[in-house]
Every structure is written in C-alpha cells, then in structure tokens.
**Student:** 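One structure, as structure tokens, below. Some questions next.
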Amino acid sequence: MIQAGQLRKHRSFAIRIVILLAGVAFIAYTEVLERFDFILYDKIATLQQYPQDPDVVIVAIDDESFKTLGRWPWSRGVHAELINRLRSIDNQAVALDLLFSEPQDSDPYADHLLAYAIAEHGNVILPVAPVFDADTQLLTLVQPLPLFTQQAVLGHVDVELDSDGVARRVFLSAGINAPAWPALGLALTNPAAAKAIYQLQNPVAVPEQPEHWVRAQQALIPYAGEPGSFRRISYARVLFDDEALASLRNKTVIVGMTAAGMGTRFATPVSPLNHQLMTGVEWHANVFSMLATGRIIHPAPAAITAAIAVFWVSAILVIIAWTGKNLTIPLLLALMIAGLFLCGLILALNRIWIPPGAALLGTLSLYPLWNWRRINEFLRTFWIDKTHSNAALESIGDGVIITDAFDHVIYINKGAETILRTQLKQIKGKLLTEILGLDNQNNGSSANPAGKDILDGGLHKPGMVECVLKTAQGNERTVRITRNQLFDDQKAMMGSVIAMTDITDRIELAQQVAHQQSHDALTKLPNRSRLLAQFDSLIQTIPNTGKNITVFFVTLDNFKKINDAMGHHAGDKLLKLVSSRLFDIVGAEVILARWGGDEFVLLFNRLEKENSAPEMAQRILDTIRQQFEIDGFEVFVSVSIGVSFYPEVGLTGETVLERAGTAMYRVKKDGGNHFGFYSAESSVVWTRDQLELERELRAAIKNDELQVLFQPIVNAQSHHIARIEALVRWLHPKRGYLSPSEFLPLAEDIGQIEQLGEIVLKTSCAAAYNLLQLGYPVNVSVNVNPRQLLNKNFPQTIVQVLHDTGLPAKSLILEITESAIVNDMERVSKVLEEIKRLDILIALDDFGTGYSSLTLLRELPIDILKIDKSFVRTLDQNRNDLKIVQAIIGLGKNLGLTVIAEGVETERQVKLLLQHACYFHQGYYFSRPIPYEALYNLMQHKLLR
C-alpha cells in the first residue's frame, strides 16, 4: 500500500511537470507575456551604449527653416535645389522622408524640376507607405508621382508599433500581398540594389482581392542613443550656407520633419532617457545606422524561444532533483537572475534576443510545484480560519473583494469600501452583481454587458474589464476589474478574488490633456491644429452639394496698445472677452477658434456670399466695437475681418484660411475697422522693392522703354520663316533683362497691362509692315492678355493700330491662352467673333495644359493650335508625350487647323514632328527671340539651319 501511494504521488508530480512544461512552451510560442518581455528588452538593450554615428546627418525641416522659407508645403523646386546642392558635393545617397503623391498644382514646373534633380543625383530614396481606408476596407499604397518613381529609389516607411505602442522593430521588406519593398533605411545602405529589387518585382501583378500588408525580415533596432543623438542641420542652412553644405561631404543624408507639431513621432525604448518622442526621420536614421554598422538584432523565432524556455525549466528540475536540494526563495531568485543574465549576454555577444518571460514564469512556477503540499495546506488553513483580511490588503489603495463559490461577498478591503462608498457589514452576503449595480438595469438590459459577462456568466474563467459602476450614493465611477477564481487541490472552486482599480481620475486627466492639446489655454477655444481638423471634417460633409464654407479671419486692431498701456494681463482679459462676444454672436453651431495672438477664425457652412456674409461681418464689427470694461477701465477696440469661401478660392482648408488671412491683412493695411473679401488683387503683398519696381515700370511704359523681340516660326520642311512671334522684354537699368513673368503680373496689378499690350501690338504690327515693304511678307503673332480680351473696346483698338501701321489684317495673328477664356467664355466668344470678322487669325497658345481645350475648339473661332512646349521638351524621351503630341496634330488636322510646335530644341524633336506631319516649328533650335534688326538680317538669308 505504501508503494502504491508513493507511485501515485510520483505519477501526480510527473503529470504536473508535463503540464508545467507544456504551459511554458505554449506561453513562449503564443507570446502571451509579450509586454513583460518588452519591458525586459528595453532595460537590457538600453544598458549597452553605442557611439554616435558621424556618417549620418539629418537635414531637419525645423522651425528655423519655416521662418526662412515660409509656410509648409514649400514648392518642390526648393527640394530640387537641395538635391542639386547635395549633388554638387558628390553626395552618394540622400533619403527624403516626404510623400510626393500629389502633383503640385500651384507650381506645375516644380514637379519637373524635382524629377530632373532626382534623375541627375541618381541615388535619391523616396518613401512609399500603406494606407488602410476604414470606410472602404481597402488597402492602398501611397507612392510618389510616376514622374519621380521613374528616377528615384523607393523604400517603405511602415513603422511597426508593438502592442504597448513602442517602436522597437523594423521589417526590412514589406509590401501588398508580397514583401516587395525594402525599408527606407535598407534602401539607403545600397540604393542600386534596392532599385534593382524594385524593378524586378514591380511588374508582377498583384491580385485585386484580398489585399494584405505583408512584412518580412524582422529585426530589433539597437538605438544609438536618446532622441536627438544624431547630428542635425537645418534645411534652410543647407540651402543657403555653403559651409553647412560642405560639412555634409561624404555623409549619408536623411531629410525629414522635426518642427514642433509636425511630422510623426514614436515612443522608443530610449524615449524615457530624455522624455521625448523620436521623430520619424531619426527613426530611419537609427535603422540605417544599424544596418551600416552591422548592429542588427535578430529576435529568436517563437518555436526556438519555446524550446529554450522548456530546456531551461527542465534543466533546473533535473539539477534540483539530482542534488536533492529544496527549492528556496533565494535559490529561485538566483536562477531567475541567471536566466536574465544569459539573455543579456547572448544579446550583447551574438545580437540575438531570446524573450525570457516564459522561462522566468516557468522558473517561478517551480516553487509552487515543488512545494505543492505545503502551499495546499496553507490555503486550506487560510479558508478554514477565515483569515481573509490582512495588512497587505488593507494597505493598498485598490479595492479587493472576496466571494464564496456561490458569488456571495464575504470580504472587501478598505479600498473597495472607498470605491463603492459602502461598508462590509452593509453588503456582506449579497451577490457580487447586486453590489456592483449590474443586476438591475433599465429595461432589463445591462449598461455594462462586458462587465456583466465577467462578473456573472464567466465564473469559471478569469478576465479583466473596464466599466462604469454606480456607488451606493448614486455616483458613477470608472473602474478596472480583474477576476480570478480560487480552487482547492481537488479542483473544486472555493471562491473568487476580484481586484478593482478606480481609474476615474486617470481617465478624466487623460481627457483634460487631450482637450488641452486641441484647445487654447486662455480662451478655451479650439486651437489652430483643432481648427484645421474641424475644417477638413466640414469639407467632407458638403461634397457635390453646391454649398460653400465661409471663413471669417478676425484680428483686433491696435491690440498692442492694450498690452503696452495696461499690461499683458489686461490683453489676456480682452482676448477672453472678445472670444466670449464672438461666441454669443454665432452660437454653438458655428466653429470658432483662436488662430494665435489676437487672431480668431470662424467657419460657417450656411452663409450666402451675397447677403448673409456681409451682414454677419458687419454684425461682428458692431458688436466688438462696443466698450469693454477691464480692471475698471473702459476699453474700445475694433477688428479687421477677411472673408474667403470654400471651394471658390481654394480646395483645401489651409489654402482658404491663408487667403482669408490675406484679405484680413489688406483690410488692416487700409486702416482696419472693416471687412473685405479675398480677391486676386488682395493677395499681393507690397514691399518697398515692389513699390520702386512699380514706379520704374510705369516710367518704362510711359517712355516706351520696353523692348519687343521676335522669334521666328519656321516651316521645318523648307526651313523658311513663315511667321514671327512678338515677345516683350524689359531691359532694366539695374536688374538687367527681365522676362515677362517678372513684370507682367505687376502690370496687371497696377492696371497698366492694357496700355503695355497696346504698345507691343503697335510695335509688332509696325515691324511686320516694314518687312512686308521690304519684300518679306510674314504674319506676326502677338500675345493677348486676358484683361485686353475682356475689354469691349479691344476690337476698336486693333482696328486703330492696323490703320496707323498700315499692316493688312490678314497678316496679324492674336495668341490667346485657355486661362484667358474659361472665366468668361460667353463674353470672350463675342469679342473673338468680332475680331475674326476683321480677317485676323486666332491662335490658341499652350494647347493641352488647360481644362477646357476641346470645348474651346468647338465653341471659338480658332485657326491655329500651338502645342505647349512642356509636351515637346520630352518628346524624344517620353512615349506618353509623343502620343499626346501625335493626338493634338491629328485633332488639328481633322479640324482644318494649322498646328505649331513650341519649344523645339533638338534635331531629334524636329524629325519626330515632321514624321507626324507637324511642319511649323518654333524654338531655340532655330532661333532665340531677337531684335528687329537681327530678324531682318535673318530674313535676308531666307533659310534657317
């Protein structure tokens, strides 16, 4: 009998060992203790210090750059200049942590400049990123424009956050359904190899459904130091400071956002060192440094981790059984410390991370396994003697509730009494769900279904939940509840232990912090970032409805006088009073925010431009104009208001706000105490230099100092000059030759464009008449400004010029652009019909770059199409441009129109155009714009090239 008992005892112990080892393997393989392993990894990894990598430099888009280069986004021509400057010092590789996925409509040539700079450099890395649309459930890849992807090296910028929100790892390759893209840092280490991988894998068709973001080649990042460890140079300094540029020689450069409030930031294991989040660009710098220096850390696969954990626990069991020693607490601690030391040693020497959580838990579990009988006796004695309350439970702030097997409360500690606002004697013996207020809900349904599941239906399963409870006094408290069941050695349930943590204050604090981050501390109004988010949300509510959003940009006039006279505390009080009045005027339905300083913004989505907007602006003016009382003094202020409309003046919230601000500054400049609407004229910001340039331009027009040059339009078959185009230039006494783009907008703003246009027309017609008299009959093309075209007296002006110069009307060609037409098609059509009756030819310039080209050909009396030079410039390099040019030539031929190609610069372009039956060419290949005398000499030779 004794041997049978011993056998049962050994068999029971062996079963428990097998269960323990299986549990250790399961925990290690399923990474249940992932967060605990993260904590250990962070502590161990930060013990090892790495020297600063001097070969990596971050070019920071910081606050200094914004002060120098202006508001973001900058023109892509600025980025092109940065790349060109880096190329000038033989930079080997540069990464731009910036997404260029949309064309830059405000500067159409900037994209081409950037693409050219990328191509010339050869090793520019641009990011691609996955975007998941929660509404459509679709995964898409945000890539740079095709214009850039043809020349750049691409790398993904997907940053994997662990379950605790910390960025510890990087996946060196990732992609949709297949890991086709190298990480940005990996692409930076070897751009040529990265580009080869992209070119090899990109043509493979990706199935339409389903789409998943697939990651591969996982690695842990050994961060070089706390955030800010890498050397940084301001973007603006690199652009303008040659010494700063020279310091980047032989360095690897990563360009990214570091300015406050902009760009993405991540928590990392080293963030606690200086209590700062790490910017995305510095994260990429750490990845590159890791790869370049060979410091990459490889996490052990889950299966290997499980095997090592089982081996570790088994080895301890064997050693203890062989030596015959008892497993004491000091020995247990020593074994756990040894396990941690081995993990750290393997990490330091072999750069392999083996998560020790499961092995440590298994080691810890050996104590109750080895001392099971003593622990079992202790628990039984504990329940028999009803020693439920002890000093440890009473000393902690969290609440603890103990129930019996039937879920009746038998004990609560002081913490639970404080949370529930009750005492043990009042609830002892009651059901747990009853005292927590989860059994009597309105309409028979629980307000906390998750909580009721855990506290009522889940008696046999441990779990944790956050829910809102009602106390005995009727107050609501937010608590985190954890429940664990207690079993005896026969696996019979003895009761449950419920731990409650009152997190009401923590949640309220988090809400306050979130509110403070999005609201102005002084006025309690939404701040600038919150306003932009609200504007974007408002835009989403009115697509294709025909409605508009009205923006009021309000600023106080002479606010500085209040601060100077009464102190900044008085200025703060005034701002709070003004914000209160504005809120009283517009109510809660209108978005009211503080932009900064003494500036406020209001967003309306129910105001009409013609009626309600002016009335509301006047109402604000009248209300703010009334007296304020501050510290016993009567204070009077006025405001300046700029008004703009979405989508009339812009298609983004930032653009519309910026233009409302422009209108406001114009009102303020004109004396304030008024409101004004945004217009093209109000967008001009005058400086002393511009005022001086205006004076000089007026004098140049008055004194006939502008020079008209002529560029031949050649019949490429015969190389004869068939036509000439008149182009105006200004030889400034100090600035040298100025192109039309440098003074024509100014002429428009000051109302001199029509006078200037008449001078060019008269000079051009006189030159053409002189050539006709000398036996060289050519047609002269003159560009017409939109304001000239919309002037009802323009046809009479043309008649008078033809009469004065003697030039036949059939020798004159007027060139118009699509932008001059689309704003008022009906009026322009009437003017062109009247001009056409004079036997004057009409040419449509820059064809193909506008939005209504085909409509114009159908509605207007066009004789000549001029293919825009942007298509001709890359005709022999871009098949798409060649197809577009071929289509325009075919379109013109079918409509019976003459087609002229602009911007012809190479013999190859000439041959391609001739092959597709385009015979009239204009460009530097034949001649630059030249004065009349040089043109006459050229005409005498009759042939070009």
Side-chain angles (χ1 to χ4, degrees), residues 63 67 260-261 512-513 515-532 534-535 550-604 607 612-644 657-678 682 685-686:
D63 294 328
K67 291 179 182 178
Q512 291 175 3
V513 171
H515 185 273
Q516 291 171 357
Q517 290 177 343
S518 60
H519 288 72
D520 175 56
L522 178 64
T523 63
K524 310 306 178 185
L525 296 175
N527 59 18
R528 182 180 301 192
S529 60
R530 177 64 177 165
L531 171 68
L532 292 172
Q534 289 178 306
F535 203 161
T550 307
V551 178
F552 280 29
F553 207 114
V554 182
T555 185
L556 299 181
D557 296 328
N558 299 317
F559 176 69
K560 186 175 182 293
K561 70 180 182 182
I562 304 298
N563 285 330
D564 292 344
M566 303 178 64
H568 288 280
H569 72 283
D572 291 344
K573 290 181 180 179
L574 178 60
L575 291 173
K576 293 170 68 175
L577 292 172
V578 169
S579 66
S580 178
R581 282 195 188 176
L582 289 173
F583 185 85
D584 292 339
I585 295 171
V586 300
E589 294 185 357
V590 174
I591 296 174
L592 169 62
R594 185 183 180 193
W595 185 256
D598 60 342
E599 297 173 344
F600 300 87
V601 172
L602 299 94
L603 301 182
F604 300 82
L607 287 183
S612 302
E615 291 177 4
M616 178 57 70
Q618 190 60 49
R619 184 179 173 192
I620 293 174
L621 287 170
D622 295 338
T623 303
I624 302 299
R625 196 180 289 137
Q626 299 174 21
Q627 75 174 40
F628 295 90
E629 183 171 341
I630 302 176
D631 296 339
F633 288 89
E634 293 182 356
V635 175
F636 296 87
V637 295
S638 61
V639 295
S640 298
I641 304 175
V643 186
S644 66
L657 285 165
E658 180 181 349
R659 291 177 174 174
T662 299
M664 178 271 292
Y665 287 122
R666 172 53 64 93
V667 172
K668 198 176 185 73
K669 177 176 174 292
D670 291 338
N673 194 22
H674 194 54
F675 65 89
F677 294 86
Y678 173 82
S682 68
V685 181
W686 292 97

**Student:** What do the steps show when you test R619 against D622 for salt bridge (charged side-chain N to carboxylate O under 4.0 Å, His left out), and what is the final call?
**Tutor:** CA-CA 5 Å; R619 184 179 173 192; D622 295 338; over 6 Å; no

**Student:** Is any side-chain heavy atom of K560 less than 4.5 Å from a side-chain heavy atom of D598?
**Tutor:**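 Side-chain contact under 4.5 Å: no.
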
**Student:** Quick check: closest heavy atoms across R659 and Y678, and the distance to 0.1 Å?
**Tutor:** O-CD1, 3.3 Å

**Student:** Indicate yes or no: at least one non-hydrogen side-chain atom of V639 is less than 4.5 angstrom from one of V578.
**Tutor:** no

**Student:** Is there a donor-acceptor contact under 3.5 Å from the side chain of R528 to the main chain of W595?
**Tutor:**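 Here the side-chain-to-backbone pair exists.
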
**Student:** What distance separates L574 CG from F559 CZ, expressed to the nearest 0.5 Å?
**Tutor:** 5.5 Å

**Student:** Less than 4.5 Å apart, side chain to side chain, heavy atoms only: is that true for F535 and V601?
**Tutor:** no

**Student:** When rounded to the nearest 0.5 angstrom, what distance separates CD in E634 from CD in E629?
**Tutor:** 7.0 Å

**Student:** Pick from L602, T523, L592: which one makes a side-chain contact (heavy atoms from CB on, under 4.5 Å) with F583?
**Tutor:**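 Result: among L602, T523, L592, L592 is the only option passing the side-chain contact (heavy atoms from CB on, under 4.5 Å) with F583.
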
**Student:** Below 4.5 Å, heavy atoms only, C-beta onward: do Q534 and P526 meet side chain to side chain?
**Tutor:**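 Yes, side chains in contact.
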
**Student:** Are N673 and R625 side-chain neighbours, meaning at least one heavy-atom pair lies under 4.5 Å?
**Tutor:** yes

**Student:** Verify, without hydrogens or angle tests, whether R581 (side chain) and T623 (backbone) share a donor-acceptor contact under 3.5 angstrom.
**Tutor:**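 Checking the backbone N and O of T623 against the side chain of R581, a donor-acceptor pair under 3.5 Å is found.
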
**Student:** To the closest 0.5 Å, what do you measure between CD1 (I585) and CD1 (I620)?
**Tutor:**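 Here the interatomic distance stands at 5.5 Å.
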
**Student:** What are the two closest non-hydrogen atoms of F675 and V667, and how far apart are they?
**Tutor:** C-CG2, 3.8 Å

**Student:** Any heavy-atom pair between the side chains of V554 and I624 that's under 4.5 Å?
**Tutor:** no

**Student:** Under the salt bridge (charged side-chain N to carboxylate O under 4.0 Å, His left out) definition, can you give me all pairs with a residue in residues 568-580, not counting sequence neighbours?
**Tutor:**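 Sorted result for residues 568-580: K573-D631.
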
**Student:** Give, for atom OG1 of T550 and atom CZ of F677, the distance between the pair rounded to the nearest 0.5 Å.
**Tutor:**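 If I round to the nearest 0.5 Å, the distance is 8.5 Å.
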
**Student:** Restricting to side-chain hydrogen bond (donor to acceptor under 3.5 Å, both in side chains), what partner residues turn up for S640, sequence neighbours left out?
**Tutor:** D557

**Student:** State, yes or no, whether a side-chain contact exists between I562 and L556 at a heavy-atom distance under 4.5 Å.
**Tutor:** no

